[in-house]
Amino acid sequence: MAETTYVEAIRQGIWEEMERDESVFVMGEDIAVYGGAFKVTKGMLERFGEMRVVDTPLSESAIVGAGTGAAINGLRPVLEMQFADFMACGFDQITNFAAKCRYRWGQAIPMVIRAPAGGNIHGGPFHSQNIEMPYVHTPGLKVVQPATAYDAKGLIKASIRDNDPVIFLEHKYLYRSVKEALPTGDYTVPLSKAQVQREGSDISIITYGWMVHVALEAAERLAPEGISIEVLDLRTLMPLDRSSILETARKTSKVILLHEDTLTGGLGGELAGIIAEHAFDYLDGPLVRIAAPDTPVPFSETLEKAFLPSADRVVRKARWLSRF
Amino acid sequence: MAETTYVEAIRQGIWEEMERDESVFVMGEDIAVYGGAFKVTKGMLERFGEMRVVDTPLSESAIVGAGTGAAINGLRPVLEMQFADFMACGFDQITNFAAKCRYRWGQAIPMVIRAPAGGNIHGGPFHSQNIEMPYVHTPGLKVVQPATAYDAKGLIKASIRDNDPVIFLEHKYLYRSVKEALPTGDYTVPLSKAQVQREGSDISIITYGWMVHVALEAAERLAPEGISIEVLDLRTLMPLDRSSILETARKTSKVILLHEDTLTGGLGGELAGIIAEHAFDYLDGPLVRIAAPDTPVPFSETLEKAFLPSADRVVRKARWLSRF
Amino acid sequence: MSAPAAAHPRTQVDRGLCESLLYYMLMMRELEERIELKLYRQGKVLGGCYTGRGQEAIPVGSAILSRPGDWLTPSHRDMAALLIRGITPREILAQYMGRVSGLTRGRDGNMHMGCAERHCVPIISSIGASIPVAGGLAFAMRYRGESNIVFNYSGDGASSRGDWHEGLNMAAVLNLPIVYLCNNNQYAYSTPLDQQMKISDIAHRVAGYGMPFEIVDGNDVLQIHEASQRAVAHARAGRGPYFIECKTFRMSGHSAHDAADYVPTAQREEWSRRDPILMLQKQMVEGMGADEQVFVNLRKRVLSEIEEAVSWALDQPFPDPATLEDDVYESV
Amino acid sequence: MSAPAAAHPRTQVDRGLCESLLYYMLMMRELEERIELKLYRQGKVLGGCYTGRGQEAIPVGSAILSRPGDWLTPSHRDMAALLIRGITPREILAQYMGRVSGLTRGRDGNMHMGCAERHCVPIISSIGASIPVAGGLAFAMRYRGESNIVFNYSGDGASSRGDWHEGLNMAAVLNLPIVYLCNNNQYAYSTPLDQQMKISDIAHRVAGYGMPFEIVDGNDVLQIHEASQRAVAHARAGRGPYFIECKTFRMSGHSAHDAADYVPTAQREEWSRRDPILMLQKQMVEGMGADEQVFVNLRKRVLSEIEEAVSWALDQPFPDPATLEDDVYESV
Ligand SMILES: Cc1ncc(C[n+]2csc(CCOP(=O)(O)OP(=O)(O)O)c2C)c(N)n1
Ligand SMILES: Cc1ncc(C[n+]2csc(CCOP(=O)(O)OP(=O)(O)O)c2C)c(N)n1
Ligand SMILES: [Mg+2]
Ligand SMILES: [Mg+2]
């Protein structure tokens, strides 16, 4: 059976939802004729026409504002930010308006904002950032990041069907580096459900996005040493699947919180807060955070490599924690 | 000796720095003739003139961008956001440009962005938010929030003298509700130094801003019950004073992390992460977070009161924790 | 005040329409007075308190043309737009007082109100943000091939915001059915026009988007009504957005706490002679022989409706704190 | 191409100036070719790779007028502006290759380069963001009463951004000494002008800020130089900002990975006949009797300088990972 890449899985997911539901449309910069900077919307213009595949001027704030307006008026917009980094230009519209509509006036905003995020592509400070936290921190928004092609397709479809605004973070490095055979036919992956990607008994690694693969690699390397790692892929970062988080923490009693995003104010802290409050009695060792250091994302290979959390670092920390 | 309010302390601090250093100027909406929405810049136009007290059009992004440009070209801008909530409109300039200048090209940005933040003033969803976290999470920025008039003056002066961009959060409820006698003469309060506001031995409450006062009230009420509370006021949220945080955690072994900001992705998680990793062996009970729930800030009194963390809630949680 | 191109011939207006316009202007005026001068001072209205005193002609002359399928995005000085959409003084008063029966059920305050059923987007505090949002509302109308349109309201201050620019440009490029009503009341909070921009007419900025525009006397409801008719016809016909700049004046402080000392007395006095309600009444007397008694009766009716609504609203409960965390996400 | 008001008489240019202009245009062209067609394909340059092929006249004709105290905020198609400021091919090449001796010491990549000492702000990726920043740089000049000015460079795409609007308006209101060079190369990435705006001249938008503007042939370096002289004189004299729209064309994909299939062949061919380097050479031959040998020599000089710089840059070390966390904050 043919394998489908992560990027193609997202494309298929959007495509299928557009076939299913006339109110779904895509909008963004360079997404129609060009098919998007990463080709996620390739071919859609030809299939769905100009009204449903909308190229816009270079105006992130207007894209988000217009998406929100369209959602209020009965459509289901799927917006593309060319790079997640530039979502900062629409920050006010997202956090002050879209996120608060349901609470303020009971208005659903069934909108997805897709954003290619993450590093390891030599993108430098402006094209490599992980931007989940300000959105995780905004009540009213949901935040999703798939790690696999299967989840990418299932989660984008679930996000489009969801009646709340969803920030859908796509990892640029995974676009073409992961693939798998996908089921034919319609399926979705539910939001706010984490998934154990590898079972283990000694240490839990809680993570998401590209780092799921880094964690799995580390787990593989640690197995022969008799260190059994459980890898929990959060998949949805807000609202978090607290019960899966607490369950794995209680099971192994030792937890590593791993993310590509920078350390301070990253999701690792939130996870530590949940676990240290609600599973404290089960813990047999410190909660260990592994993250990028608190710097912009550097460009040069030597620096970017040192910046990004690696399987080596996870292996070393896990060994240390296992001796606790 | 006459007492000085928090708002007046900030005004004095800026004023003195403008007297001291010709390169300091203030810029923002309605700050010149009108003296600012909260009157922090009152009288400055008359004293320092139009070139140093600059009214701008309603353009937050341009204010921040222009401030950054002025800082690059040798000035020390002190920018006012009319409400912290609207800083969202300048998010890209702050996080993508100002924050990264030193790292990218060695360019110092000695700029302060002042922002009236926080609730308890019936401001509703758009005029009550605590917005520290996206900035705490941006390497290159410093984030400060004073809790007392003394610190307000000392910290604004230190922030203006600092050579990195500082987000200076002023709590609107404290503006006129706290005051004290201030030393005459020049003084500063160093950034990145937390302060123990009350010594105690049973439980540490780590907090900042208005919540320092809530914590102190709770401590006062708990004292007769024999529960001795230590209150640590962070004052600077980024870079954090990790050693003071760890010191109080190790001292009391029980910690409450308290903030007015909403729970998920709030600073409490970061603090939990630091403590659960680096003081794990000292802990005698779960790390308890007390924060606002994950909702927009509601307007109506009944709701806002339920939303904001209260001394009652702190007292109840502290009693529970003390029995651990 | 001049139109961009040809002068427009004055159309006939009937007396029924004028009475309707007058009713809404009076209702807005009196309701806001009641809120600001009584309820706010009595501490029944908390937080900020903004009014559109002197600007009533703008929402009234335009929103009266709206159809049920249209959407409106009023600014904080356009209460009458809500009234025209069928939102009641009861609901508005309960909103201002943070009661659960208010339009936002106490979650939001004062003029931050709107209503999905009646197609009014509650104001977005971030000034200018409603411009792109109007674009999206209108986009959905084009998407479905409707002839509905959006009425967007904003002030001079908004025209300094990036969102204003992005939103107007996008509307022009995508040919969206929007009528923009710009209330140029000469101040953004304390900032006079000449510190906001180096031009005198905001409408001229709009030429840079390739969009037709007009400049009208914002205190003359009939002028606004006429210009709006042209604009509405243009937008409904699928010819894209249309911009109307209404020259007016804020006959109050920015909000109730602001004494507006920064406004020169002469300027305020000049505009106080141009009260839009008195202007319409004069037009009705001179043009259609209406007599004072009509106005007295109308005002009486307005005041008694307000009276009734105030006592109703004062009886409404505050929201139950137990509902604090509802409605952040869809409950499933 | 037309100017806004009166036509400007052509000023005399001397041959020395022309040679200087030609040198920088050639250097930019050849250096970028070397980077894109060799180093990038060899994997020596990672990440994106953008060039300003066909647009060299714009930075060259304008930045040549800058004085040491001026500041420049070049866009991603203005490498020659950096060269004119004294930044060397060595530094640029090391920058592209992520070496520690590059302008950002490997922290940032390719054209994201600048230099505080030589008063060039490295490009801010968020398109349009440099416009408000230019305002602040210029504000500091006014603050100190200097006659220095800012040269700001941006593209047609930038004119859709809110920052563009906010920044230009603020510059007009505060009367800031800025010369804006807008390279209207007819595309923002894949998006042609008519999908970006419903007007044909960006400069006309600037009228809405109350700012003088000109529209020039962006491939004619002498026209740009002349217009820039007027603009620079205006700004240095304290008369505020000035906007020059340069009609040009992007003779490459958006970046090295983009084949630009969306550009109609006829359009590309038309513009390829208007190469700015050949145009200047023609003007030099026809107007001042320069002969081909001059051009051949100049090109040789450029190529050998590049050769030398490439081998130097290839020898430079990559940054030491131990320095990863330096320079986020001032070290005290
Ligand atoms: C982005 C943003 N910045 C600042 C404010 C604070 N503020 C509220 S209204 C206002 C003035 C608005 O002026 P204008 O658009 O002319 O409307 P007017 O109040 O005159 O009707 C300001 C500065 C805001 N609401 N949003
Ligand atoms: C805010 C923002 N959105 C999107 C991008 C991605 N992007 C980089 S360059 C570009 C096109 C810019 O067009 P223009 O301003 O005309 O400059 P040109 O590349 O044509 O010289 C885009 C969309 C960006 N850098 N910044
Ligand atoms: Mg106004
Ligand atoms: Mg372009």
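Values reported hereafter were calculated over all heavy atoms of this structure, with side chains retained and with hydrogens, waters and symmetry mates removed. So you know, we letter chains A, B, ... as the sequences are listed, proteins then strands, and number each from 1.
Contact detail for D/Val328 and A/Pro296: the closest heavy-atom pair is CG2-CD, 4.4 Å. The two residues D/Leu324 and A/Pro293 come nearest to each other via the heavy atoms CD2-CG, 3.7 Å.
Among the candidates D/Gly102, D/Pro319, D/Ala158, D/Ala188, the residue making the largest number of heavy-atom pairs closer than 4.5 Å to chain A is D/Pro319. Heavy-atom pairs under 4.5 Å with chain A peak, among D/Ala129, D/Gly98, D/Gly162, at D/Gly98. If you tally non-hydrogen atom pairs under 4.5 Å between each of A/Cys89, A/Ala62, A/Gly123 and chain D, the highest count goes to A/Cys89. In terms of non-hydrogen atom pairs under 4.5 Å with chain A, the most contact-rich of D/Gly128, D/Gly48, D/Pro321, D/Ala322 is D/Pro321.
For residues 287-313 of chain A, no residue pair satisfies the ring pair (Phe, Tyr, Trp, His ring centres under 6.0 Å) rule, not counting sequence neighbours.
With a 4.5 angstrom heavy-atom cutoff, A/Ala37 touches chain D via backbone and side-chain atoms both. Interface residue D/Ile123: only backbone heavy atoms are found under 4.5 Å from chain A.
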Inter-chain polar pairs, chain D versus chain A: which donor-acceptor atoms lie under 3.5 Å apart?
| from | atom 1 | to | atom 2 | distance (Å) |
| --- | --- | --- | --- | --- |
| D/Gly98 | O | A/Ser300 | OG | 2.5 |
| D/Gly106 | O | A/Ser300 | N | 2.9 |
| D/Arg107 | O | A/Phe299 | N | 2.9 |
| D/Ser160 | O | A/Ser59 | OG | 3.0 |
| D/Tyr189 | OH | A/Tyr34 | OH | 3.4 |
| D/Ser190 | N | A/Asp30 | OD1 | 2.9 |
| D/Ser190 | OG | A/Asp30 | OD1 | 2.7 |
| D/Thr191 | N | A/Asp30 | OD1 | 3.4 |
| D/Thr191 | OG1 | A/Asp30 | OD1 | 2.7 |
| D/Pro319 | O | A/Thr302 | OG1 | 2.8 |

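D/Arg34 meets the side-chain hydrogen bond (donor to acceptor under 3.5 Å, both in side chains) test with D/Glu307; sequence neighbours excluded. Residues satisfying the side-chain contact (heavy atoms from CB on, under 4.5 Å) test with D/Ala309, not counting sequence neighbours, are D/Pro89, D/Arg90, D/Leu93.
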